[in-house]
Amino acid sequence: AFRTWQEGLRAAIQQWEQAGQDEGALLRGVPLSQAESWLEERENELSSIEIEYIQASRAWRSRRQADRERLRRRISMGLGIGLVLTLILAVFAGLQWRSSQQAQIAAENERDLTRISLSRLLASQAQLLINEDTDLAHLLSIEAVNIDPSVEARSSLLATLTHNPQLASVLHGHQDEVTSVAFSLDGRRLATGSADGVIILWEDAGVSGYPILVERGKLTGHKDRVTSLAFNPDGSTLASGGFDELIYIWDLTANEPKGLAIEEHRGNIWSLAFSPDGRTLVSGGEDGRILLWEPTGNTFTSGQPDFKTLVYGDETVSSLAFSPDGLILAAGLGDGSLSMWDFMRLEPIVEQLEGHQRLIRTLAFDPGSNILASGSQDGQIIFWDTRRDSASFGEPLGAPQEGHEDWITNLAFNPNSGELISTGKDGRVLLWDLTTFFQTGRPPSSQVLTEQRGPVWSLAYSPDGRWLVTGGEGHRALVWDQS
């Protein structure tokens with residue numbers, strides 16, 4: 001595991017040096033934590049440039065934390081000064097009112113000025129926070145309008161409301177970045193997993209088709225980053241995998257979900273997927289194995305499931321996906337190659353499809369066409385023909401698509417249209433219009449739905465295609481209206 005990690009570190013250093021040691025190429029989040037752990041344990045096996053790169057990443061993190069702390073202090077100081085000033089002037093105005101009518105008028109003017117000043121202060125603070133914390137910016141703008149509905153206050157409120165017009169809801173509850181999300185097949189449940197190993201279950205309590213996702217409980221068991229979540233078709237079971245080498249099977253039928261821990265993979269768990277009929281759970285990990293899990297009783301949580309090994313190779317199995325009909329299982333590997341299996345016969349259809357240059361982080365089948373999309377750490381998206389009756393089966397459709405400036409972290413097809421959503425380590429969420437691509441083969445067009453400051457690690461569409469959930473830095477998941 002150390003050598004594999006070290007190779008990845010050297011590749012990151014090379015990008016850093018090619019970028020002129022730009023801060024954007026430094027380590028952050030979980031990769032930085034892993035680097036610090038290896039530095040502590042095996043410093044004597046690291047070169048000077050590797051140590052320098054890790055220390056530069058640490059310094060960048062410290063500077064960013066300091067910048068955030070200074071911003072919080074400025075906001076607190078500004079609000080505190082405004083409130084103290086309001087109290088002082090209010091007391092002064094009260095004393096003046098007692099003395100004469102003229103003093104009362106003057107005090108009222110002073111209060112008006114104070115109210116206007118405080119409203120302007122809140123509106124300006126909202127503008128400073130509009131990219132950093134949209135929720136807080138929105139609340140500050142509302143309060144600014146409540147205090148004094150001036151042009152500045154109303155303009156600030158309008159700016160926060162239209163900053164992300166498709167943003168329908170913000171889900172708070174995690175204490176670390178959100179690394180995985182998944183919808184149940186009926187769209188009533190959402191699971192979100194984070195880098196600290198905590199999973200939160202949400203249920204839709206909305207009416208008239210508008211999502212009101214309410215937290216229904218936390219699932220704790222993982223000791224490290226939750227990398228993959230998968231509901232079985234009837235929503236009674238949730239599977240989770242993480243960088244603690246564990247798979248958990250959660251029984252969601254009980255009032256308090258209970259988890260069954262499975263320790264079979266030797267290394268990080270990268271991907272999980274239920275077969276469309278719900279009879280098999282497939283897992284892939286750093287140990288190069290694809291394992292097929294089947295329940296020992298009527299459910300996966302009635303006891304330790306039986307398993308069999310589909311493949312045992314040298315490369316990390318980094319992503320898995322079933323075709324909509326359940327006949328094909330696709331696997332993305334750490335060297336950038338792609339394999340496809342006949343799941344009924346458990347035989348390889350094609351063992352190695354070349355196209356990507358680095359680890360394939362995500363796979364997604366288009367439900368309407370049986371086209372497979374793959375996204376890689378090389379920043380490219382490739383579309384593959386997986387139609388068994390096609391002469392071009394197993395071949396790329398067109399050239400690789402580029403739109404992200406860093407890793408592709410996740411892909412998801414809209415269930416009801418020829419659109420693909422991609423997320424990246426660069427913070428971008430892109431929408432790809434594939435209508436003409438499927439019909440004529442012309443390159444698809446893309447547009448930026450949103451761009452965030454940190455990586456967007458996770459992505460899921462609701463089954464009806466209306467709601468899109470993304471997760472990343474900021475300890476929150478965002479719900480987007482795609483209607």
Side-chain angles (χ1 to χ4, degrees), residues 1-72 74 128 131-133 176-179 195 225 227 243 268 286 316 318 334-336 356-362 375-381 400-410 422-430 448 450-458 472-475:
F2 172 76
R3 295 304 176 195
T4 301
W5 168 84
Q6 192 174 40
E7 287 297 321
L9 180 68
R10 290 170 179 170
I13 291 172
Q14 184 178 3
Q15 291 183 353
W16 179 54
E17 292 176 336
Q18 290 174 351
Q21 298 189 349
D22 186 82
E23 289 183 343
L26 293 172
L27 299 174
R28 60 198 69 190
V30 171
L32 177 54
S33 299
Q34 292 175 338
E36 289 175 320
S37 297
W38 286 122
L39 177 63
E40 181 178 351
E41 295 175 13
R42 305 176 80 161
E43 182 176 1
N44 59 337
E45 295 182 51
L46 295 174
S47 65
S48 58
I49 185 62
E50 291 169 345
I51 295 174
E52 178 186 354
Y53 181 60
I54 295 172
Q55 292 175 341
S57 300
R58 281 176 162 175
W60 177 87
R61 180 180 62 190
S62 298
R63 290 195 300 274
R64 186 175 181 188
Q65 291 173 344
D67 290 341
R68 289 179 173 175
E69 182 61 26
R70 282 194 294 271
L71 177 60
R72 284 195 295 270
R74 286 201 300 271
L128 289 174
N131 291 315
E132 186 73 22
D133 193 333
D176 209 331
E177 58 185 1
V178 179
T179 53
R225 186 184 189 95
T227 55
F243 276 3
N268 297 336
E286 188 179 14
T316 295
S318 50
D335 62 359
H356 289 292
Q357 304 303 311
R358 298 182 63 188
L359 179 145
I360 298 176
R361 288 191 61 90
T362 178
S376 166
Q377 288 184 353
D378 61 14
Q380 295 182 335
I381 299 171
Q401 303 302 312
E402 297 182 348
H404 290 276
E405 298 176 354
D406 210 325
W407 299 356
I408 307 296
T409 56
N410 226 309
S422 64
T423 57
K425 193 179 177 184
D426 58 2
R428 289 182 177 180
V429 179
L430 300 185
V448 179
T450 184
E451 189 165 0
Q452 301 175 28
R453 293 198 174 192
V456 181
W457 294 114
S458 49
E473 285 194 354
H475 307 175

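Quick caveat: nothing in here was measured; it's all calculated off a predicted structure.
- Within the 4.5 Å cutoff, the side chain of Glu17 has heavy atoms near those of the Ile49 side chain.
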Show your working on side chain to side chain contact (heavy atoms under 4.5 Å, CB included) between Arg361 and Gln377 and close with a plain yes or no. CA-CA 7 Å; Arg361 288 191 61 90; Gln377 288 184 353; 3.6 Å; yes
Assess whether side chain to side chain contact (heavy atoms under 4.5 Å, CB included) is satisfied between Ser422 and Ile381, documenting all intermediate values. CA-CA 9 Å; Ser422 64; Ile381 299 171; 3.8 Å; yes
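- Leu359 places none of its side-chain heavy atoms less than 4.5 Å from the side chain of Asp335.
- Side chain of Ser376 to main chain of His356: no donor-acceptor pair is present (N/O by atom type, distance under 3.5 Å, no hydrogens or angles).
- Atoms OG1 and CH2, from Thr227 and Trp457 in turn, are 12.0 Å apart once rounded to the nearest 0.5 Å.
- For the residue pair Gln6 and Glu50, a side-chain donor N or O sits within less than 3.5 Å of a side-chain acceptor on the partner.
- Checking side-chain atoms of Ser318 against main-chain N and O of Ile360 turns up a donor-acceptor pair under 3.5 Å.
- Using modelled atom types, one side-chain atom of Asp426 and one backbone atom of Glu405 make a donor-acceptor pair closer than 3.5 Å.
- In this structure, Arg64 CZ and Arg61 CZ are separated by 11.5 Å, a value rounded to the nearest 0.5 Å.
- Ser458 and Thr179 share no donor-acceptor pair across their side chains, judged by distance under 3.5 Å alone.
- In terms of modelled atom types and a separation under 3.5 Å, the side chain of Ser57 and the main chain of Leu32 share no donor-acceptor contact.
- Contact check on Arg225 versus Glu177 returns a salt bridge, with a Lys/Arg side-chain nitrogen under 4.0 Å from an Asp/Glu carboxylate oxygen.
- With sequence neighbours left out, the side-chain contact (heavy atoms from CB on, under 4.5 Å) criterion links Ala35 to Trp5, Leu27, Ile54.
- Two residues are said to be in side-chain contact when any heavy atoms from C-beta on lie closer than 4.5 Å; Phe243 and Gln34 meet this criterion.
- Between Thr362 and Ile408 the shortest heavy-atom distance is CG2-CG2, 4.1 Å.
- At a threshold of 4.5 Å between non-hydrogen side-chain atoms, the residues Ile13 and Gln18 do not count as touching.
- Arg428 CZ to Thr409 OG1: the interatomic distance, rounded to the nearest 0.5 Å, is 13.0 Å.
- Applying the side-chain contact (heavy atoms from CB on, under 4.5 Å) criterion to His475, with sequence neighbours excluded, gives no partner residue.
- The OG1 atom of Thr423 sits 9.5 Å away from the CD atom of Gln452 when rounded to the nearest 0.5 Å.
- Atom CH2 in Trp38 sits 5.5 Å away from atom CD in Glu41 (nearest 0.5 Å).
- When the ring-ring contact (aromatic ring centres under 6.0 Å, His included) test is applied to Trp16, the partners found at least two apart in sequence or on another chain are Tyr53.
- By the side-chain contact (heavy atoms from CB on, under 4.5 Å) test, Glu45 pairs with Phe2, Arg3, Arg42, sequence neighbours left out.
- Listed by chain and residue number, Arg10 satisfy the side chain to side chain donor-acceptor pair (under 3.5 Å) test with Glu7 (two or more places apart in sequence, or in another chain).
- A 4.5 Å side-chain heavy-atom check between Ile51 and Glu43 finds at least one atom pair inside the cut-off.
- Every residue two or more places apart in sequence or in another chain that forms a side-chain contact (heavy atoms from CB on, under 4.5 Å) with Gln357 is listed here: Asp378.
- Interatomic distance, CG of Asn268 versus CD of Glu286, reported as 4.5 Å (0.5 Å rounding).
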